[in-house]
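Naming: A, B, ... by sequence-line order, numbering from 1 per chain.
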Amino acid sequence: MKRKYLIIILLLLPVTGICQKEKQLVPSDLKQLTIVTEPSTLYKGYFRAGTAVSFGVVDKYFNNDSKKQYFLNSAWATNAGFNFMFQYGITDRLQVEAAIPVSLNIRQSESHIYVPSVDTTIDYSFTLKGRGLSDCYFTVKYQLINEKTANTSLTGSFEIMVPTGQKNPTDIKGETDYKPPVGNGCFAATTGLRFRKIQYPYSYSAYTYYIYQFAGSKIMDPADTEETSFKDGNHVDAGLNFSILLNEWIALTNELNIYYRSKDKINDQIPADAIAPWAISYEPRFVFQVKRFRIGEAVRIPLAGKGVSADPIYVLIAQYVF
Amino acid sequence: MRIFFRLAVISCCFILFCLQANSQDQTKTRDKYTLLTMAYNQRPLLLYKGQLQLNASYRFAARTKSFDSDGNMISLKDKGSASMIHTWIYELKYGITDFIELGIDSYWMKNGIRSESASILSGSNIITTNRLDEFKGSGDLTISAALRFPFEYKFFDFMVKGGLTLPVAEYKPRQPAHTITDYSSPENFTVNYMFNNRNGTGVAYANLSAAGKITFSRISLEARGLYRFPAGESESIRWSWTRYGSTFTYYNSPCSLLPDRSLTVNGSVHYQAAGWLDLFLGTYYYKTSDGWTEFSGLKYANPEIMLTTLEPGFELQIAPSLTIYQYAGFQLAGRNSDAPFYLLTTLSFNMFPFWK
């Protein structure tokens, strides 16, 4: 009888040895989570650094009648920049981050003027290059509803924009010979909520942010000798996001964004020609997760709007979790 | 006797071993997932039997340089006529057999080209002119049939393709939409000339192409050639206008043109870095000839265009049915041609719709 039990035990031993096991997540695995499966804030003690390179050409805009139009003057302008981002998880629910952007904006204009009275043609060309540190952002995010329990989270955020960028034109030698500013010249505070649900291999989110612009002063035109006080209109930014994992390490995210900004004020008054710009844009993004390294490629495409740019913006993102 | 027995057993084992070692190879698995995930260096130039491929591409080009008739590079930014070109390309292909493929493709393109603004200054009055030539709309539709070697791809392949580009797209320019802005007096205003062109050619094209591919382990070489020629002349219109105050009156007159013949030659080196990743470096040579355009009853030869481009890129298999291609274009040399830098991204969706 004992021999029978012994044989049964011996037969069962290899069965338990090869049975399915639950995978234990170790810290290195958690650092390799994709944009779909990662929590909405970093885990405690994790640090993520990265950069986003953006590029856009000034070609078209939505006019005050919400029609897409070309800029008609013979000019070529590009807006490019590096945005260095640093994120740190203080707890599993609390994250702080800083964004330090460096901008490079170029505007080149070419035209000529013919003066028949003296039978002379004057080339009127200039290039303006604004480059340098732009306004920095500092953000705190907290998971009001923790993602760990039901793969659902509600994250609140508070952000301050500090006017670290040069707000006035510099090296002014003439109306068309100066360095344009790369900063906005005022503080801004943003508060908002993001709801997110993960249903592997998908994730859905919806967000809304309100941006309050503080008053400031700056030189509006290089010919001005004194700063003018201003207050940019407050913004509302809202959107929906749908992400899908195409395989274990590539995700496709789709975002629809709505933006509205109230009218700006100059010298405490709303100018007669001021408008309240708005935009609807779509942003598809491929995100490649190679272990702790993440590369993303995105295009923000304006679909409709009023008084805003109608040009797509290209963004390349590289991040690493330490 | 025992020795003979042992020798017989050893001999049998040896024979069996040899038989097994030299037996016929097992036929390669031919399930749809294997075919859909076939790496570039292992697949033929055409689709497999029953394979359907849908390609959607977006080409973003910054047209900031061009080559003049002597091959010198000109900065269009300095000329005030740099522009952006947005192109969406659609392609549908189907493998009738492992050796015959049918395809259909077209595109939609938008390009707004500004000219240098010009002003006439007279006393305190100034009249400024801006000009924008927009090319917007669908291109013509190309249907094609391709044939390759009738045997399984090992390391070499060759195919020929014939096609017809049908003039289905609109090609006659629409009425211009000139405007007057900043009007303060008859001697002080801005004229904005806006020309609305389309991307059709108005004439059928015949396309003949051939391609070859050879693979050495992870490295493959591919060469393609395409010759296109129009079936005949195209009839179009040219717009003129008169202005009275801020009102433009337009009228058109017929004109004829013969679209260019073109030759395109591609060569590329591919490295299969992993089963799902192919890196490549390609060159692209493009040349046109024999076209003309009529002005006032006289035919003027179109400048012959020549352009050589370098195209580094990659092919990435995301899922069995989904592949992404991306490559950039850097213009190396040319004559009478724009030289845009471009980035082309293609999403390729593959399936076997009639396989269970």
Side-chain angles (χ1 to χ4, degrees), chain A residues 55-61 63 67-78 80 106-127 201 244-252 284-288 290 295 297-299 301 310-314 316, chain B residues 37 58 60-64 75-86 110-123 125-134 136 177-179 181-182 190-194 276-277 316-324 326 341 343 345 347:
Chain A
F55 177 79
V57 173
V58 179
D59 190 40
K60 286 182 150 189
Y61 68 103
N63 66 13
K67 286 183 181 169
K68 200 186 270 190
Q69 277 196 335
Y70 285 96
F71 287 101
L72 291 171
N73 292 333
S74 54
W76 176 257
T78 56
I106 300 173
R107 184 176 171 221
Q108 187 171 350
S109 181
E110 304 289 332
S111 60
H112 64 262
I113 301 169
Y114 177 61
V115 187
S117 57
V118 288
D119 194 18
T120 302
T121 300
I122 303 161
D123 284 325
Y124 185 68
S125 308
F126 61 89
T127 302
I244 176 173
L245 272 177
L246 299 170
N247 63 24
E248 286 186 347
W249 58 281
I250 302 176
L252 172 67
R285 181 187 294 182
F286 274 112
V287 185
F288 304 87
V290 185
I295 298 173
E297 243 184 306
V299 186
I301 305 162
D311 299 311
I313 298 171
Y314 301 86
L316 187 66
Chain B
T37 54
Y58 171 63
F60 155 79
R63 183 184 151 276
T64 58
S75 169
L76 295 176
K77 290 189 278 186
D78 294 343
K79 295 279 181 189
S81 59
S83 65
M84 299 300 299
I85 309 171
H86 302 277
K110 184 169 66 175
N111 179 19
I113 303 174
R114 293 176 196 83
S115 296
E116 188 177 10
S117 298
S119 302
I120 298 175
L121 182 66
S122 179
N125 298 315
I126 187 163
I127 297 173
T128 301
T129 58
N130 299 314
R131 175 177 172 137
L132 186 110
D133 288 88
E134 187 184 49
K136 183 179 174 183
H178 306 330
T179 54
T181 52
D182 307 325
T190 299
V191 190
N192 303 300
Y193 294 116
M194 170 83 180
W276 43 269
L277 179 64
L316 182 70
Q317 178 102 38
I318 293 174
S321 58
L322 197 62
T323 306
I324 185 171
Q326 199 166 54
F341 162 77
L343 194 66
T345 304
L347 273 179

(request) Examine whether an atom of B:Tyr58 lies under 4.5 Å from a heavy atom of chain A, and if so say whether it belongs to the side chain, the backbone or both; otherwise answer neither. (result) side chain
(request) Take atom NZ of B:Lys110 as the centre, draw a 6.0 Å sphere, and report whether it contains more than 12 heavy atoms from other residues, nucleotides or ligands. (result) yes
(request) Could you check if a side-chain atom of A:Trp76 sits within less than 4.5 angstrom of a side-chain atom of A:Val57, using non-hydrogen atoms only? (result) yes
(message) Counting C-beta onward and ignoring hydrogens, is there a side-chain heavy-atom pair between A:Glu248 and A:Pro201 closer than 4.5 Å?
(response) no
(request) Could I get the full list of side chain to side chain contact (heavy atoms under 4.5 Å, CB included) partners for B:Ala177, not counting sequence neighbours? (result) B:Met194, B:Asn196
(request) Pick one of side chain, backbone, both or neither for B:Ile318, based on which atoms fall under 4.5 Å of a heavy atom in chain A. (result) both
(request) Tell me, for B:Leu76 versus chain A, whether the close heavy atoms (under 4.5 Å) come from the side chain, the backbone, both or neither. (result) neither
(request) Could you pull out all residues at least two apart from A:Tyr70 that satisfy ring-ring contact (aromatic ring centres under 6.0 Å, His included)? (result) none
(message) For B:Ile120, which atoms come within 4.5 Å of any heavy atom of chain A: side chain, backbone, both, or neither?
(response) both
(request) Could you tell me which portion of B:Thr64 (side chain, backbone, both or neither) has an atom closer than 4.5 angstrom to a non-hydrogen atom of chain A? (result) side chain
(message) Is A:Ile250 in contact with chain B via its backbone, its side chain, both, or neither, using a 4.5 Å heavy-atom distance?
(response) side chain
(request) Please look at A:Phe71 and chain B and tell me whether the side chain, the backbone, both or neither of the residue comes under 4.5 angstrom of a heavy atom of that chain. (result) both
(message) Less than 4.5 Å to any heavy atom of chain B: does that hold for the side chain of A:Val115, its backbone, both, or neither?
(response) both
(message) Can you tell me how far apart OG (B:Ser119) and CG (B:Asn130) are? Round to the nearest 0.5 Å.
(response) 8.0 Å
(message) Less than 4.5 Å to any heavy atom of chain B: does that hold for the side chain of A:Phe126, its backbone, both, or neither?
(response) neither
(message) Looking at every non-hydrogen atom in both residues, tell me the closest pair between B:Ser81 and B:Arg63 and how far apart they are.
(response) O-NH1, 2.6 Å
(request) Identify which part of B:Leu347 has an atom lying under 4.5 Å from any heavy atom of chain A, answering side chain, backbone, both or neither. (result) side chain
